[in-house]
Amino acid sequence: MPRFKSVKGMQDILPEKEALWSHVTGAAVSIARRFGFAKIDTPVLEATALFARGVGEDTDIVSKEMYSFMDRGRDGEQGESLTLRPEFTAGVMRAYIENGLSSRPQPQKLYSLGPIFRRERPQKLRYRQFNQFNAEIIGSPDPVADLEILLVAYTLHRELGFKNLNFQINSTGDPECKPRYIEALKAYLAPYAGKLAPTDRDRLQRNPLRVLDSKERETLPYLADAPRILDYLNDECRAHFNELLGYLDALGVPYTLNHKLVRGLDYYTKTVFELWGEGLGAQAALCGGGRYDGLIELLGGPPTPGVGFAAGIERIVHVIEEQGVGAPALPQPRLFVAYQGDAAKQAAVALASNLRLRGIGARIAFDGRSLKAQFRDADRYGCAYVAVIGPDELAAGSVTLRDLAHSAQQTLSREAFGVWAIQTLSSQDAATAA
RNA sequence: GUGCCCUUAGCUCAAUUGGCAGAGCGCUUGACUGUGGCUCAAGAGGUUACGGGUUCGAGACCCGUAGGGCACCCCA
């Protein structure tokens, strides 16, 4: 029997990571709530067509990175094609439309947390299954909505101790000015088409904007003097962008205008951004997002503006781990219940169970190990106290309580032990949890 | 999808020009038969990623596959 291994690009997150992970996700949730976001959980599986339509057929994500399969229909007929979500936004928009969230107070501010799947070649901090924190503001064209999305991202990373944060920001215009710019870009690049890198020649036809952030050596020289989209924005888009930048200036949020930033998803309009940080190797982006005013209508909903972003949890965890940021310890039982003998084992199991029913954490040994081994476990698990029930205690109806830190012990009646446990352990559990 | 590098115990790594597969940590047990940390001792744990080939002999050399790392592409 061959040993099973995790699927390529997918990894186990082991218990020792729990404290750090809940530190990060806890911060994300707390900031989302501070900004007035509510949680929405959508399925991991969606119709392939949703992503093809929403994200765009010609994007890298849809054209080569999706985990898709044909579902079974009735009577063995072939059903529809389903896909493991490669991003959050399309699914959240589907849910917004399907559940009539457009008839609730607008805008709807929604956050999500969960796994995302992209079938890329794995690399450091690039996995085929990874976790994202996602936030969307749906139903407002106000630049303040853009600002709040940027600020959620910024606040999250600031609070987790990131240094040298910087937004890369650009505007990709709207359905009126974006095509004008694309035409201008195509016209500018057309004479050089033969000299561009093959992939870029292809992009020029299918998705001209993507030529902009090309890193192909042959292409780069021709990009330097390419027209800039900011020069082609119509009045509305320019005003929107300038208002957003004005807020960022006023708040002292660092950003760099990056006119080559277009991002790989078709649905973006107006604002696009990425937040860059240190310690990520070739993966500069901690998180990214932008505005998608046409998406909901494209997916069959009422014309509705929206803006959002997604952050990669693994990338955040990696960086703060490297910076040696310690996460607060998670609460754990302070008491270890040890026993000797079968009869005492029953009493010990009952004792531990009763404590837990009263909300007090307790750990108990399995497998009838020696007292010595039980004490070693108690120490290893960081328990402060050991309650021992052996033949003597069983006969006397008592419990021997040892304080490991002070190497002191005393024998108490069951009643006295119960009082001690409620007084000492319930308060300490609460203290650890807080 | 492309290029380069890597893969030996649960983990981190040794093993002379091809010549008996090892250490530390961790784990289990024990060191006055009711008591932890520290120390000491013993034990368990391996198809050397997988499949072929060369050789008297392969962890080592050759080919293939898988997985990992780094970079490209793109992004979280």
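Letters go in sequence order (proteins before strands), and every chain restarts at 1.
Pairing partner, B:G43: B:C27, with both Watson-Crick or wobble hydrogen-bond distances short of 3.5 Å. Pairing partner, B:G59: none, since no Watson-Crick or wobble contact has both distances short of 3.5 Å. Summarising the base pairing, B:C50 is matched to B:G64 through a Watson-Crick or G-U wobble pair whose two defining distances lie under 3.5 Å. Using the Watson-Crick or G-U wobble rule with both distances under 3.5 Å, B:G34 pairs with nothing in any strand shown. Look at B:U17: it lacks any Watson-Crick or wobble partner with both distances under 3.5 angstrom. Nucleotide B:C4 forms a pair with B:G69, judged by Watson-Crick or G-U wobble geometry with both contacts under 3.5 Å.
The CZ atom of A:Arg126 sits 10 Å away from the C1' atom of B:C72 (whole-angstrom rounding). Protein atom NE2 of A:His406 is 18 Å distant from nucleotide atom P of B:G37, rounded to whole Å. Rounded to an integer number of Å, the gap from CD1 of A:Ile149 to P of B:A76 is 14 Å. We find that CG of A:Asp60 is positioned 6 Å from P of B:C75, with the value rounded to whole Å. Between the CZ atom of A:Arg380 and the P atom of B:G26 there is a distance of 9 Å, rounded to whole Å. Per the geometry, CG belonging to A:Asp379 stands 13 Å off P belonging to B:U39, to the nearest Å. A:Gln132 has its CD atom 5 Å from the C1' atom of B:A76, to the nearest Å. Rounded to whole Å, atom P of B:C75 lies 16 Å from atom CE of A:Met66.
Within 4.0 Å (heavy atoms only), A:Val388 reaches at least one base atom of the nucleic acid. A:Asn131 comes within 4.0 angstrom of nothing in the nucleic acid, heavy atoms only. Nucleic acid contact class of A:Gln409 (heavy atoms, under 4.0 Å, all strands): base. As judged by a 4.0 angstrom heavy-atom cut-off over every strand, A:Ala310 is placed among residues touching the sugar-phosphate backbone only. Across all strands shown, A:Gly9 has heavy atoms under 4.0 Å from sugar-phosphate atoms exclusively, and none from any base. Within the nucleic acid shown, A:Arg128 has no heavy atom closer than 4.0 Å to any nucleic acid atom. In this structure, A:Glu393 reaches the bases: a heavy-atom distance under 4.0 Å links it to at least one base atom across the strands shown. In this structure, A:Gln374 reaches neither bases nor backbone, as no heavy-atom distance under 4.0 Å exists between it and the strands shown. In this structure, A:Thr59 reaches neither bases nor backbone, as no heavy-atom distance under 4.0 Å exists between it and the strands shown. Heavy atoms of A:Arg121 sit under 4.0 angstrom from at least one base atom.
Counted by atom type alone, A:His240 and A:Asp174 present zero donor-acceptor pairs between their side chains at under 3.5 Å. For the residue pair A:Glu393/A:Thr411, the side-chain donor-acceptor check at 3.5 Å is not satisfied.
Spacing of C1' atoms, B:U65 relative to B:C6, comes out at 16 Å, to the nearest Å. B:C50 and B:C11 have their C1' atoms separated by 22 Å, with the value rounded to a whole Å. The gap from the C1' atom of B:U33 to that of B:A44 amounts to 24 Å, rounded to the nearest Å. Comparing the P positions of B:G22 and B:U47 gives an interatomic distance of 15 Å, to the nearest angstrom. B:A42 and B:C4: their C1' atoms are spaced 47 Å apart (whole Å). Spacing of P atoms, B:C74 relative to B:G68, comes out at 22 Å, to the nearest Å. Rounded to a whole angstrom, the distance from the C1' atom of B:G64 to that of B:U54 is 15 Å. Separating the C1' atom of B:G51 from that of B:U7 is a span of 16 Å, rounded to the nearest Å.
Rounding to the nearest 0.5 Å gives a distance of 8.5 Å between CD1 of A:Ile360 and CG of A:Leu335.
Both A:Gly390 and A:Arg119 lie close to RNA chain B; mapped to their nearest nucleotides by heavy-atom distance, the more 5′-ward contact belongs to A:Arg119.
For A:Ser6 against B:G67, a side-chain-to-base donor-acceptor contact under 3.5 Å is absent. Contact annotation: side chain of A:Arg402 to base of B:G36, donor-acceptor pair present below 3.5 Å. Remark: the A:Arg315 side chain and the B:C75 base include a donor-acceptor N/O pair separated by less than 3.5 Å.
For A:Pro122, whose side chain is taken as the heavy atoms from C-beta onward, the closest listed nucleotide among B:G69, B:C70, B:C74 is B:G69. Checking B:U28, B:G36, B:C73 against the side-chain heavy atoms of A:Gln123 singles out B:C73 as nearest. Among B:G67, B:U35, B:U29, the nucleotide with an atom closest to any side-chain atom of A:Lys372 is B:U35. Across B:C74, B:G30, B:G67, the shortest atom-to-atom separation from the side chain of A:Ser370 is found for B:G30. Across B:G36, B:A76, B:U2, the shortest atom-to-atom separation from the side chain of A:Arg118 is found for B:A76. The listed nucleotides are B:G69, B:U29, B:G34; the one nearest the side chain of A:Tyr127 is B:G69. Side-chain proximity of A:Ala285 to B:A76, B:C73, B:G34: nearest is B:A76. Comparing B:U29, B:C74, B:A76 against the side chain of A:Arg376 picks out B:U29 as the nearest. Closest contact between the side chain of A:Phe375 and the listed nucleotides B:A76, B:G34, B:U35 involves B:U35.
Checking the phosphate oxygens (OP1, OP2) of B:G34, no side-chain nitrogen or oxygen of A:Arg369 falls inside 4.0 Å. The phosphate of B:G67 (OP1 or OP2) has a side-chain N or O of A:Lys8 nearer than 4.0 angstrom.
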Task: Step-by-step side chain to side chain contact (heavy atoms under 4.5 Å, CB included) determination, A:Leu209 to A:Lys178 - done: CA-CA 10 Å; A:Leu209 280 186; A:Lys178 192 176 188 174; 3.5 Å; yes
Task: ring pair (Phe, Tyr, Trp, His ring centres under 6.0 Å) between A:Phe37 and A:Tyr111, intermediate numbers included - done: CA-CA 6 Å; A:Phe37 286 73; A:Tyr111 78 90; 7.4 Å; no
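By the 30° and 60° cut-offs, the orientation of the rings of A:Tyr381 relative to A:Phe336 is parallel. Taking the six-membered ring where tryptophan is involved, the planes of A:Phe273 and A:Phe309 are tilted, since the angle between them lies from 30° to 60°.
With salt bridges taken as basic N to acidic carboxylate O contacts below 4.0 Å, none links A:Arg369 and A:Asp367.
Between A:Leu223 and A:Val211, the shortest heavy-atom distance links the atoms CD2-O, 3.6 Å.
Counting only distance, with no hydrogens or angles, the side chain of A:Arg128 and the backbone of A:Glu120 share a donor-acceptor pair below 3.5 Å.
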